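These notes are about the structure you will find just below.
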2 protein chains.
Amino acid sequence: MTGPSITIKDVAALAGVSSATASRVLSGNPATSAESRQKVAAAVAELDFHPNAQARALRSTRTNVIGLLLSDIRNPFFADLAHAAEQAALAEGLVTLLGNANESIPQQDRYLDTFISQRVDGVIAAPQGEGSSSLRAVLERGIPTVFVDRTVDGIDVPSVTTDSDSGIRQAVEHLARQGHERVGYIAGPQTTSTGRDRLKSFSRAAREFGLSADPALTYFGDFQSASGSTGAHHLLGLAQPPTALLAADSPMAVGALATLNRKGLRIGRDMALIAFDDIEWFSLLDPPLTVISHDVEAMGRTAVRLLLEVIDGHKPESVVLPSELIVRASSGTADPSLGRP
Amino acid sequence: MTGPSITIKDVAALAGVSSATASRVLSGNPATSAESRQKVAAAVAELDFHPNAQARALRSTRTNVIGLLLSDIRNPFFADLAHAAEQAALAEGLVTLLGNANESIPQQDRYLDTFISQRVDGVIAAPQGEGSSSLRAVLERGIPTVFVDRTVDGIDVPSVTTDSDSGIRQAVEHLARQGHERVGYIAGPQTTSTGRDRLKSFSRAAREFGLSADPALTYFGDFQSASGSTGAHHLLGLAQPPTALLAADSPMAVGALATLNRKGLRIGRDMALIAFDDIEWFSLLDPPLTVISHDVEAMGRTAVRLLLEVIDGHKPESVVLPSELIVRASSGTADPSLGRP
DNA sequence: AAGTCTTGTGGAATCGATTCCATGGAATCG
DNA sequence: CGATTCCATGGAATCGATTCCACAAGACTT
């Protein structure tokens with residue numbers, strides 16, 4: 001289809017130097033004269049030379065590629081995270097191989113194996129499940145790795161996570177102050193650290209602020225929107241339904257919202273709703289949604305920074321970013337008619 | 001950090017065959033005996049061998065990597081598209097290198113150069129601008145390429161696009177039937193084919209259904225949400241403001257929505273609003289948003305299918321997917337008080 | 001029974017860069 | 001001024017797979 005592609009030898013020949021010198025110029029090695037730098041640059045421009053990344057990586061064992069493993073890019077939280085990480089990586093000259101695990105462990109492993117084969121310089125992962133064999137393989141090989149958003153128990157890897165506890169505690173306190181006693185919680189999957197931590201925080205705060213500890217008030221979702229719908233449906237159908245709902249991530253909040261709308265419940269009046277994760281348009285809803293917000297952009301940037309430190313052979317401290325409640329109109333006062341439309 | 005990594009020679013030695021035979025087994029070459037297949041497989045498993053993708057690509061000139069160039073992964077439309085394409089590619093054994101051009105031509109070129117250096121097997125791009133030099137370089141090198149969502153005039157590459165015309169025409173007709181005469185249009189950037197096509201469709205339909213052709217009713221945005229806000233603000237401030245707004249993509253519709261909310265305008269009553277692109281939660285708004293919908297998942301899948309055909313040396317026909325109006329409550333009847341809150 | 005065809009195999013060349021090593025000339029030193 | 005360092009350079013080895021080529025041994029022809 002195309003002719004034989006242009007190699008560094010062609011560049012070297014045109015510039016009148018050896019390929020060793022051409023290589024040194026291209027990689028910014030200081031042991032080059034101004035004259036050869038200039039001649040090589042001219043030859044590169046004339047031939048529109050693009051060095052073969054495979055050949056370079058094979059010899060130098062640096063690929064300038066990082067692997068980013070997320071669970072679902074369609075979740076706006078992960079889209080923002082991917083965007084932030086990818087832009088931060090690009091600024092450091094690294095390109096990003098994206099893997100969507102789709103909340104599926106086999107698919108996660110498939111991508112991790114690919115990352116190993118591609119000899120990526122590092123991996124940023126929002127992992128799930130416990131001892132994934134591929135995850136262990138990544139670490140055994142000494143591939144620099146950081147966790148983002150989520151961690152895995154028993155695996156000691158630097159991470160950037162959110163302190164969900166503070167935000168959730170604020171949310172529960174806020175609801176309690178409004179007079180809510182029965183708060184339904186739509187939990188994330190217990191195979192993820194965020195799913196487990198947020199549930200623990202919720203339970204602890206519920207106890208602290210005197211909310212009902214009825215286990216029926218917790219529904220286990222999977223962080224995807226359909227489970228938010230069915231969760232809300234289930235909770236509203238209880239003999240003693242809650243007067244407020246708290247969803248552990250934004251897609252499940254969207255699902256819950258759909259159910260509430262379908263049932264004709266007025267949010268903030270008939271039923272309070274709070275979502276974990278802020279999304280631009282949550283404030284545009286009528287009424288605007290009360291949320292637990294955290295800085296996703298910082299999370300992505302920080303993950304790249306930590307990964308670079310690990311690549312440089314250091315062992316950086318993990319970073320925990322704060323979360324905070326942003327009160328909007330969806331979490332109004334509990335009144336006696338609540339929950340009984 | 002790690003010991004010398006495991007190569008195919010180690011596998012071959014353990015299996016008691018030559019590396020040539022080991023390679024044949026690994027790549028599924030039929031010229032192998034059952035016995036060596038079995039022995040190599042055992043050795044691979046025992047050593048947890050992951051072939052070096054660089055070495056393989058260098059020799060075979062196949063990388064099994066495709067480049068996906070989008071403008072902004074935070075736009076839900078592109079997130080859905082990325083997800084669909086990535087999953088379809090994975091099913092074919094291809095992994096995806098993601099590039100976010102961020103609606104910036106230099107960054108688009110940066111990624112295209114990276115794709116060339118990485119010797120990707122193919123490129124799926126939602127391009128912008130006209131003769132990007134890097135885009136020309138990609139095509140000159142004969143790298144299989146398909147366009148998705150957008151095209152570039154004068155570049156003959158198979159593409160998957162949406163027939164915006166039918167949906168926009170339906171939307172304009174719908175608004176005209178409701179009695180609207182002045183419809184504000186928040187256009188996309190005219191450096192993109194979708195921005196241009198949709199504006200043309202809108203103008204043509206406006207003429208056909210007798211809407212005002214006042215050029216002040218068109219505001220040029222950039223497909224990002226902030227420009228939707230300022231666009232709506234600008235249009236509402238006209239001496240003769242519109243009674244309905246049509247936004248050329250969903251982020252701009254979200255921005256317009258924010259402005260309408262801030263001004264206290266009731267959507268569907270004080271001001272009609274229609275968005276191009278359907279997003280899950282648009283139907284959850286109060287009132288639910290009327291949208292022009294198209295099948296993003298099919299677009300992603302089709303792009304991968306076309307790319308595979310190009311890689312196989314064929315020249316597939318471009319695909320145009322339909323769009324259609326989905327009427328919800330945000331596009332109500334025009335009444336005399338409209339536009340004068 | 002002798003020649004032709006298959007089939008599986010191993011040795012060695014190859015892909016395109018980087019990098020080790022040796023070298024020659026200029027610069028610096030005592 | 002001779003010895004030593006420094007610098008830029010080119011030749012050749014190297015990274016780890018794939019693939020060309022030659023070859024041996026068995027399966028078929030006629």
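Reminder, nothing fancy here: chain letters follow the sequence lines and each chain counts from 1. On a predicted model such as this, the values are computed, not experimentally measured, just so you know.
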**Nearest-0.5 Å distance that lies between atom CZ in A/Arg59 and atom CD in B/Gln54** =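 Interatomic distance, A/Arg59 CZ to B/Gln54 CD, rounded to 0.5 Å: 14.5 Å.
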**Prompt:** From B/Ser132 OG over to B/Ile155 CD1, what is the distance, rounded to the nearest 0.5 angstrom?
**Reply:** 7.5 Å
**Prompt:** For DNA chain D, which nucleotides open and close the run of contacts to chain A, 5' to 3', at under 4.0 angstrom from a non-hydrogen atom?
**Reply:** D/dA8 to D/dG16
**Prompt:** Looking at B/Lys39 and B/Glu35, does any basic side-chain N land under 4.0 Å from a carboxylate oxygen?
**Reply:**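 Looking at B/Glu35 together with B/Lys39, the answer is yes, because their closest N to O distance falls below 4.0 Å.
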**Item:** d(CD, B/Glu35; C1', C/dT7) in whole Å
**Value:**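 To the nearest whole Å, that distance equals 14 Å.
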**Message:** Could you tell me how far apart B/Arg24 (CZ) and C/dG10 (C1') are, to the nearest whole angstrom?
**Reply:**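 Atom CZ in B/Arg24 sits about 8 Å away from atom C1' in C/dG10.
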[X] side chain to [Y] main-chain N or O, any donor-acceptor pair under 3.5 Å?
| X | Y | value |
| --- | --- | --- |
| B/Asn100 | B/Ile73 | yes |
| B/Arg56 | A/Ser117 | no |
| A/Asp10 | A/Thr7 | yes |

**Prompt:** Phosphate oxygens OP1/OP2 of C/dT9: is one of them under 4.0 Å from a side-chain N or O of B/Ser33?
**Reply:**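 For C/dT9, OP1/OP2 do have a side-chain N/O of B/Ser33 under 4.0 Å.
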**Message:** Need to verify one output field. Residue with the more 5' nearest nucleotide on DNA chain C, B/Ser36 or A/Ser23?
**Reply:** B/Ser36
**Message:** Are the side chains of A/Val120 and A/Ile66 in contact, using a 4.5 Å heavy-atom criterion?
**Reply:** no
**Request:** Answer with yes or no whether the side chains of A/Thr32 and A/Arg37 bring together a donor and an acceptor at under 3.5 Å.
**Result:** yes
**Asked** Does any nucleotide pair with C/dC29 by Watson-Crick or G-U wobble geometry, both distances under 3.5 Å, and what is it?
**Response**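 Check on C/dC29: paired to D/dG2, both distances under 3.5 Å.
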**Asked** Counting only non-hydrogen atoms, which of residues 51-61 of chain B are less than 4.0 Å from DNA chain C?
**Response** B/Leu58, B/Arg59
